[in-house]
2 protein chains.
Amino acid sequence: MSPRRSAAEALGTRSAILDRSVAIASAEGLEGLTIGRLALELDMSKSGVLGHFGTKEALQLAVLERADEVFRAEVWEPARQAAPGLPRLRVLCEAWISYLEREVFPGGCFFVAAAHEFDGRPGPVRDAVEARFAAWRARLRKEARRAAEAGDLPSGTDADLLAFELTGLVMALNHAVQLHRDPEAGHLARRAVRARLGG
Amino acid sequence: MSPRRSAAEALGTRSAILDRSVAIASAEGLEGLTIGRLALELDMSKSGVLGHFGTKEALQLAVLERADEVFRAEVWEPARQAAPGLPRLRVLCEAWISYLEREVFPGGCFFVAAAHEFDGRPGPVRDAVEARFAAWRARLRKEARRAAEAGDLPSGTDADLLAFELTGLVMALNHAVQLHRDPEAGHLARRAVRARLGG
DNA sequence: CCTACCGATCGGTAGG
DNA sequence: CCTACCGATCGGTAGG
């Protein structure tokens, strides 16, 4: 056995660091995620942790990317199975609600939390968070537009407004689950979505 | 002049500390608010700042109270002029939207930010944040119920659901303003409120 | 990947 | 309200 780690082992370590990081940052925020704490929980030295990323900011960006992979697998992927337009929009909303109810990230939606943490701090992390939300909003709007054009939504439906409303419902759900631990919130969110999308 | 500050002067100092604290915490969060930074910006010593509150947690609670005074003056007070039920609910929503558009707190809604920061950290600060939201929700629900009972909302309107939806719209607005700097968001929020409350 | 270290900053205290 | 200080922890670096 050579004392040097193989590339595969290094990748495994990096992946383990990111898993832990997502768990910590989900509860404590991306700033609350500290190198020292990561090192302690992973039984590594601080420099061992930092060596994989270089700086804390690079670590934060990598954590965002890992969280995005989870979000895509949980929310975007299920919707690919459904037909474009209203059916897909419904699956998207249901997957989104379910992802929050099941607390896939124990601290609630990773991106909503990161948005609040970084919206007042210019820099690459803020830019990355904003880009993810912009992509998500564009996707919601596209499906809403398709649904409206297909005649599956009331005439005069505005895709922008609908995407805005759906985003708000999900934020209210996230808030109710995380702050109030309200077990009824999922029910409310589903009723509100149904009022918008029927079904 | 006695070297000791009078009670009035001490209150003035305390008030100045809280004003600065609200400004800092609004942008950086209640944890990002540090004694050292406050001391620097106020040209005081750290112990001089801390002496007014005892601990950082006590300072955070005092800051929340000060922020609540602002919120009440901005959003609750205007609504008292309006008749109970639908008229008051409309004024409440408009004041709420306006408060976010004008960025009364430069970092967006103080309580939404605090909720995200503390929902995973049990303790007095978290409890205080939750209590403010519970009071706000109760108020929204009460006016929604009155409006429904007066027949000013479509029959079958659920006050709980309506309060949930309105809260979501405001959160989406807060997010759009703070993260996306979207100048159209206030317009979207008003249209969504109008779709719910008419007018 | 490690040990050993850096300067800066944290909340808080002692004593006046 | 101050100075002077405490132990802990921060992100990061040097050198191996």
Side-chain angles (χ1 to χ4, degrees), chain A residues 1-21 24-25 27-64 114 117-118 121-126, chain B residues 1-21 24-25 27-64 114 117-118 121-126:
Chain A
M1 285 217 202
S2 93
R4 246 226 239 119
R5 296 275 183 271
S6 71
E9 283 172 323
L11 274 180
T13 303
R14 190 190 139 97
S15 192
I17 295 172
L18 287 178
D19 282 341
R20 258 272 167 252
S21 296
I24 294 174
E28 322 272 354
L30 278 167
E31 279 307 328
L33 172 69
T34 68
I35 318 287
R37 178 169 171 186
L38 267 175
L40 196 77
E41 294 190 10
L42 291 163
D43 262 313
M44 291 174 66
S45 68
K46 289 199 311 176
S47 71
V49 170
L50 204 53
H52 285 273
F53 306 95
T55 66
K56 177 164 181 179
E57 188 173 272
L59 167 64
Q60 291 173 325
L61 290 169
V63 172
L64 271 179
E117 204 176 351
F118 282 88
R121 306 182 195 180
V125 176
R126 201 211 121 106
Chain B
M1 285 215 201
S2 97
R4 246 227 237 116
R5 296 276 182 271
S6 70
E9 283 171 324
L11 274 180
T13 304
R14 189 189 139 99
S15 192
I17 295 172
L18 287 178
D19 282 341
R20 258 270 169 252
S21 296
I24 295 174
E28 321 273 354
L30 278 166
E31 280 307 328
L33 172 68
T34 68
I35 317 288
R37 178 170 171 186
L38 267 175
L40 196 77
E41 294 190 11
L42 291 164
D43 262 312
M44 293 174 65
S45 67
K46 289 199 312 175
S47 71
V49 171
L50 204 53
H52 285 272
F53 306 95
T55 66
K56 176 163 180 179
E57 187 173 274
L59 168 64
Q60 290 173 325
L61 290 168
V63 172
L64 272 178
E117 202 175 353
F118 281 88
R121 307 181 193 179
V125 177
R126 199 210 122 106

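A, B, ... follow the sequence lines: proteins, then strands. Residue 1 opens every chain.
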- request: Could you tell me which non-hydrogen atom of Arg126(A) sits nearest to which non-hydrogen atom of Arg121(A), and how far apart they are?
  value: CB-O, 3.4 Å
message: For Glu117(B), is there any backbone N or O sitting under 3.5 Å from a side-chain donor or acceptor partner on Glu31(B)?
response: no
field: Distance in angstrom units between Leu33(B) CG and dC10(C) C1', rounded
entry: 13 Å
- prompt: Taking side chain as C-beta onward, heavy atoms only, is Leu64(A) less than 4.5 Å from Leu30(A)?
  reply: yes
message: OP1 or OP2 of dC2(C) versus the side-chain N and O atoms of Ser47(A): is any pair under 4.0 Å?
response: no
query: In whole angstroms, how far is the P atom of dG11(D) from the CD1 atom of Ile35(A)?
result: 5 Å
- prompt: Roughly, in whole Å, what's the span from CD in Glu31(B) to P in dC10(D)?
  reply: 13 Å
message: Rounded at 0.5 Å granularity, tell me how far CG in Leu42(A) sits from CD1 in Ile17(A).
response: 6.5 Å
task: Return the minimal non-hydrogen interatomic distance between Ser21(B) and Leu33(B), and the atom names on each side.
output: CA-CD1, 3.8 Å
query: CZ of Arg14(B) versus P of dC1(D): gap in Å, rounded?
result: 12 Å
Tabulate below the donor-acceptor pairs under 3.5 Å that side-chain atoms of residues 45-52 of chain B make, not counting sequence neighbours, or state none.
residue  : atom : partner  : partner atom : Å
Ser45(B) : OG   : Ser47(B) : OG           : 3.4
Ser45(B) : OG   : Gly48(B) : N            : 3.0

message: Please list, in numerical order, the residues of residues 49-60 of chain A that have a heavy atom closer than 4.0 Å to any atom of DNA chain D.
response: Leu50(A), Thr55(A), Lys56(A)
Euclidean distance, atom CZ of residue Arg37(A) to atom P of dG12(D) [Å, nearest integer]: 18 Å
query: Can you name the nearest heavy-atom pair linking Val125(A) to Glu57(A), along with the distance?
result: CG2-CG, 3.9 Å
task: Report which part of the nucleic acid Ser45(A) touches: base, sugar-phosphate, or nothing (heavy-atom distance under 4.0 Å, all strands).
output: base
query: Any idea which heavy atoms bring Pro124(A) and Leu61(A) closest together, and the distance?
result: O-CD2, 3.7 Å
- prompt: Whole-Å distance between dC1(D) P and Asp43(B) CG?
  reply: 12 Å
query: What stems involve DNA chain D, if each pair must be Watson-Crick or G-U and both of its distances must be under 3.5 Å, with 3 or more such pairs in a row?
result: C:1-16 with D:1-16
- prompt: Quick one: is Thr34(B) getting a side-chain N or O under 4.0 Å of the dT9(C) phosphate, OP1 or OP2?
  reply: no
- prompt: With respect to the side chain of Lys46(B), which nucleotide from dC10(C), dC10(D), dC2(D) is positioned closest?
  reply: dC10(C)
task: Can you tell me the distance, in whole Å, between the CD1 atom of Ile24(A) and the P atom of dC10(D)?
output: 11 Å
message: Within the structure provided, determine whether Phe53(B) and Val63(B) are in side-chain contact (heavy-atom separation under 4.5 Å).
response: no
